[in-house]
Amino acid sequence: MLTTMTSPGVRPSKLLLFHVLLVTAWVILAAPLLSPHRTIEPFILVSLIIVLSCINTLLSFKRQHGLSKVAYTLLFLSWMLLWCQQLWYL
């Protein structure tokens, strides 16, 4: 990735991975709300993840976003909520 960041210790690849994981958790959590039926096209979900991840990452570059404990906690809580939601639907 050809970008420079002023925050020391934050690589663009780590930032991109963080936002892809975060957006993926949010899209999977919102999937039952996006479709009235339990099945939703995987192509739509993947397209939504790619577009939202790119937008989210570009906005974080613009704001000079760094990865902190709060950001990692939000990511962890998003995936724990997703895990609980999947257990509930079993």
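Along the sequence shown, the residues carry numbers beginning at 1.
Under the 4.5 Å side-chain heavy-atom criterion for grouping Ile, Leu, Val, Met, Phe, Trp and Tyr, V46 is not connected to V27 through any hydrophobic cluster. In this structure, L77 is not a member of the same hydrophobic cluster as V70, with clusters built from ILVMFWY side-chain heavy atoms closer than 4.5 Å.
Smallest separation of non-hydrogen atoms from H19 and S53: O-OG, 4.0 Å.
Separating the CG atom in L81 from the CG atom in L29 is a distance of 5.0 Å, to the nearest 0.5 Å. Remark: T24 OG1 to I50 CD1 distance equals 9.5 Å, nearest 0.5 Å. Atom CG in L16 sits 10.0 Å away from atom CG in N56 (nearest 0.5 Å).
Side-chain contact between Q86 and W83 is absent, with no heavy-atom pair separated by less than 4.5 Å. Side-chain atoms of M80 and F76, non-hydrogen and from C-beta on, do get closer than 4.5 Å to each other. At a threshold of 4.5 Å between non-hydrogen side-chain atoms, the residues L45 and I28 do not count as touching.
For I55, the side-chain contact (heavy atoms from CB on, under 4.5 Å) partners two or more places apart in sequence, or in a different chain, are V51, L59.
Contacts classified as side chain to side chain donor-acceptor pair (under 3.5 Å) and involving residues 69-82 (residues at least two apart or in different chains) are given here: W26-S78.
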